[in-house]
Structure formats: C-alpha cells, structure tokens
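Order of appearance sets the numbers: ligands from 1, and atoms from 1 within every ligand. The figures that follow rest on heavy atoms only: side chains count, while hydrogens, waters and symmetry mates do not.
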Amino acid sequence: MTKTEQTSTASRILPEMAGGLLHIDLAALASNWRTLRDNAGSAEASAVVKADAYGTGIEQAVPALAQAGCRTFFVAHLSEAIRVRAVAPEATIYVLNGLFPGTCSTYVEHDLRPVLGSFEEIEEWASFCRSQGGKREAAIHVDTGMNRLGLTVQQGLTLKDRAELKDFETALLMSHFVSAEESDNPLNIRQIEAFRAVRETLPGVRASLANSSGIFLKEKPHFDLVRPGYALYGGNPTPDHDNPMSPVAGLKARIVQLRWVEDDTVGYNARWLALGRRRIATLSIGYADGYPRSASARGKSGEELLAGQVLVAGHPCPFAGNVSMDLITVDVTDIPENEVRRGDTVTMIGGSLTIDEVGRRAGTIGYEILTNLGRRYARTYTESQG
Ligand SMILES: *Cc1c(COP(=O)(O)O)cnc(C)c1O
C-alpha cells in the first residue's frame, strides 16, 4: 500500500541476486510466544514488535503472533503502530515512546493507545479527550529506576489525586526493568516493590512490569500483562541458563572469492596478518548489511581473538581483518580445500552462532544484531501453522 511498507518488507530482492539470505521462522516465533505465555502464569502475554519486530518484519511477525493468540502489541513509534494496525485490525496497540505534542488525533484515527510518561502528556491526552467528549484508553508509565521515561515513583504515588485521570481510561500502569537479565541484581526487587506501591494506589488498573527476562525472575513479577520482545525472536532471556527459546532468524552469505595469502595482511588498514600460507574466503556481506564492524578481527592468523565467526561447511572459521562495507574476509585454511568453493553459502547466524553469540563476538548484545538485520537481504519466511 505505501512506499514505506514495500521498502520494509524488501520483497523484491531475489535470493540469487542477494549477498545475504535472511530466513525468519514464523512457526518458531509463534511457538516462542506460547512458551512465554505459559511461563507468565495467569498474566496476559503481549508482544513487543518495535523496530520492525526486532528486524524480523512487522507485516510478517504481527499476523503470526495474532494467529497464535496474541491480542496486545507494543511499538516504540506512532509510525510503527500504524503499520501494526494495518495487519492486526482487532489488536490493542500501545506506543511506548510517549505522546508527541499534537498527535492525539492520529492516535484516535488508528485506534492506538499512547503510553503517557509525564504530567504534560497526561494533561494533553486528558484535555483532548475532554474536547472530544470520549474517554480514550492510554497507559501510564512510571519510572522505577531507569531514569529515562515515565513519571517518577513520587509522582506516581500522587496520580490518584489528579483530576485529569477522570477524563480518560487508564487501561494499563507500566514500568520497565533495568537489568532483569541479571537475576540476582538487587535492583529487580527494588523496582518490583516501588511498582507495587504505585499500583496499590490505583486499584482496578491493570499493571505490567516484565520484559522477556522479567518473566523468568524467581519473584514472578508478572502482574496482569507481560511484555516480551527479545525472547520472542529467539534471544536468551536467561543468560545464566540454557536458552528456553527457539531460534527465529537465520542468516547466510555467499563466498564471492577464494585466495591464498602468504605472510601478508588482509583488508582495510592491514589489521590482520596471515602467518605463512592461509586460505581466505571473501563473503558477500558487510557492515552496510547491519553486520557490526566491531566483529572485525585484528591480529594474526591462529590467534584466539574475540571477533566474528562464520560456519563454513559446518565448521567455525574466524574472521580475518576488518569488516568492510559489503564484504567480510574469513580464514578457511583449516577446511579441506574441496569442501569450500566459490558460490557456496555459509552461516552467519544459525547453529552455534546464535544471535547472543554473534552479539558477544561483536562486543554488543543480540538485540543490536537483530534490530540491524539488513534491508538488502533476500528475506524468506516459514509460515506459522496457526
Ligand atoms: C523493548 C521493551 C520491552 C521488551 O523488552 P525485551 O527485553 O526485548 O523483552 C518491554 N517494555 C518496554 C518498555 C520496552 O521498551
């Protein structure tokens, strides 16, 4: 329908023409949502689909989640919410980043709910509702420790006395964890207690605190609704334990060229040295595809470096040199020569190279790997079976 929608789905890139092949398993996405729902006790399980459903594609991910039974979605931006509405006509949709001045009528036009994070935003929404003569739903965000977005806890405790609350429907009270993936971090309990205190002043209002990792905390801070994002897409919400989720995203690249390099450097700025004769494969993917340049390998062949890896014919092979814009060079010397040929596909994300592991090797987190998944990949999807 719109230009943005076509670009975002990138459906015109055929696999044989693309440097990177991205596969999204919508059945695994749906199954991850059910796993999270089953771990959330009696709370409703929503889905966080901001940043184009963490890079997997709003237009594909949202219908798969809705079909699995998800009724409530969270995005960061109004523009994302409008895309969700186009594919989920019945869903409840919240916009996390708050109410930008002058946007109330856009919310109403698309039947969206803002997450109000300050008294100014609350006042703007309330006065819009008064002028329209209708009580519209919104969420209120209380900041219990992030110091980023939302009312302070002190302000939250005075909410019940504000006249504006009578002008709209507070459909949800929410807050967000600072470090739920660290299960022993004392901040978790402090945030749960602060959130509970605010909630007690607003009886009858539904409450939501847990992100993916929050769902798995031993305190079970599920309240009435949980808001998983990362775990839906296969990220590990319990980094100290095995991943209970199934992988959703798989990425392959192609070998463009193979060459022998002897006692010479590879790539920009000559940051990697082949000691003796090394066989180098050049892959058709680079940082312009969203693969982080911070996965570059700077050092010498044979050294253990915290840097990117790729699976070639099933074997892990280390990056060699700096990640370029459109290319990555890797050391395939240890793979039998006849097992590696021009045109072969290799695995960048998949198998032992989980999104968490790719993130770790790039000095970042799997979230950043997912949300940067490139627009010029040929994307294929496994349908979910409902
Ligand atoms: C992104 C986000 C989530 C989802 O967090 P994950 O760690 O990806 O599960 C939940 N709530 C808010 C407010 C968020 O911004």
Could you verify whether a donor N or O on one side chain and an acceptor N or O on the other, from [X] and [Y], lie under 3.5 Å apart?
{"X": "Asp356", "Y": "Tyr230", "answer": "yes"}
{"X": "Thr238", "Y": "Asn236", "answer": "yes"}
{"X": "Thr72", "Y": "Glu44", "answer": "yes"}
{"X": "Ser46", "Y": "Arg227", "answer": "no"}

Atoms of ligand 1 less than 4.0 Å from [X] heavy atoms?
{"X": "Val48", "value": "3 (C), 4 (C), 10 (C)"}
{"X": "Gly229", "value": "4 (C), 6 (P), 8 (O), 9 (O)"}
{"X": "Tyr54", "value": "1 (C), 4 (C), 5 (O), 6 (P), 8 (O)"}
{"X": "Met174", "value": "13 (C)"}

Could you tell me the residue and atom name of the protein heavy atom closest to [atom], and the distance to it rounded to 0.1 Å?
{"atom": "atom 9 (O) of ligand 1", "result": "Ser212 OG, 2.5 Å"}
{"atom": "atom 5 (O) of ligand 1", "result": "Asn211 CB, 3.4 Å"}
{"atom": "atom 1 (C) of ligand 1", "result": "Lys50 NZ, 1.4 Å"}

Between Asp289 and Arg376, is the closest basic N to carboxylate O distance under 4.0 Å?
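Result for this pair is yes, salt bridge flagged.
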
Below 4.0 angstrom, N of the basic side chain to O of the carboxylate: do Glu200 and Arg196 qualify?
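Salt bridge flag = no for Arg196 with Glu200.
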
Using heavy atoms and a threshold below 4.0 Å, how should the contact between [X] and ligand 1 be classified: side chain, backbone, both, or neither?
{"X": "Pro228", "value": "backbone"}
{"X": "Arg227", "value": "both"}
{"X": "Phe74", "value": "neither"}

With a 6.0 Å cut-off on the ring centroids, do Phe128 and Tyr107 count as close?
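Not under 6.0 Å, so no.
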
Side-chain (Asn269) to main-chain (Arg271) donor-acceptor, under 3.5 angstrom
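Not confirmed, Asn269 side chain does not pair with Arg271 backbone.
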
Is there a donor-acceptor pair under 3.5 Å between the side chain of Asp143 and the backbone N or O of Met146?
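At least one qualifying donor-acceptor pair exists.
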
Taking distance alone, with N or O pairs closer than 3.5 Å, would you say [X] contacts ligand 1?
{"X": "Tyr367", "answer": "yes"}
{"X": "His141", "answer": "no"}
{"X": "Tyr230", "answer": "yes"}

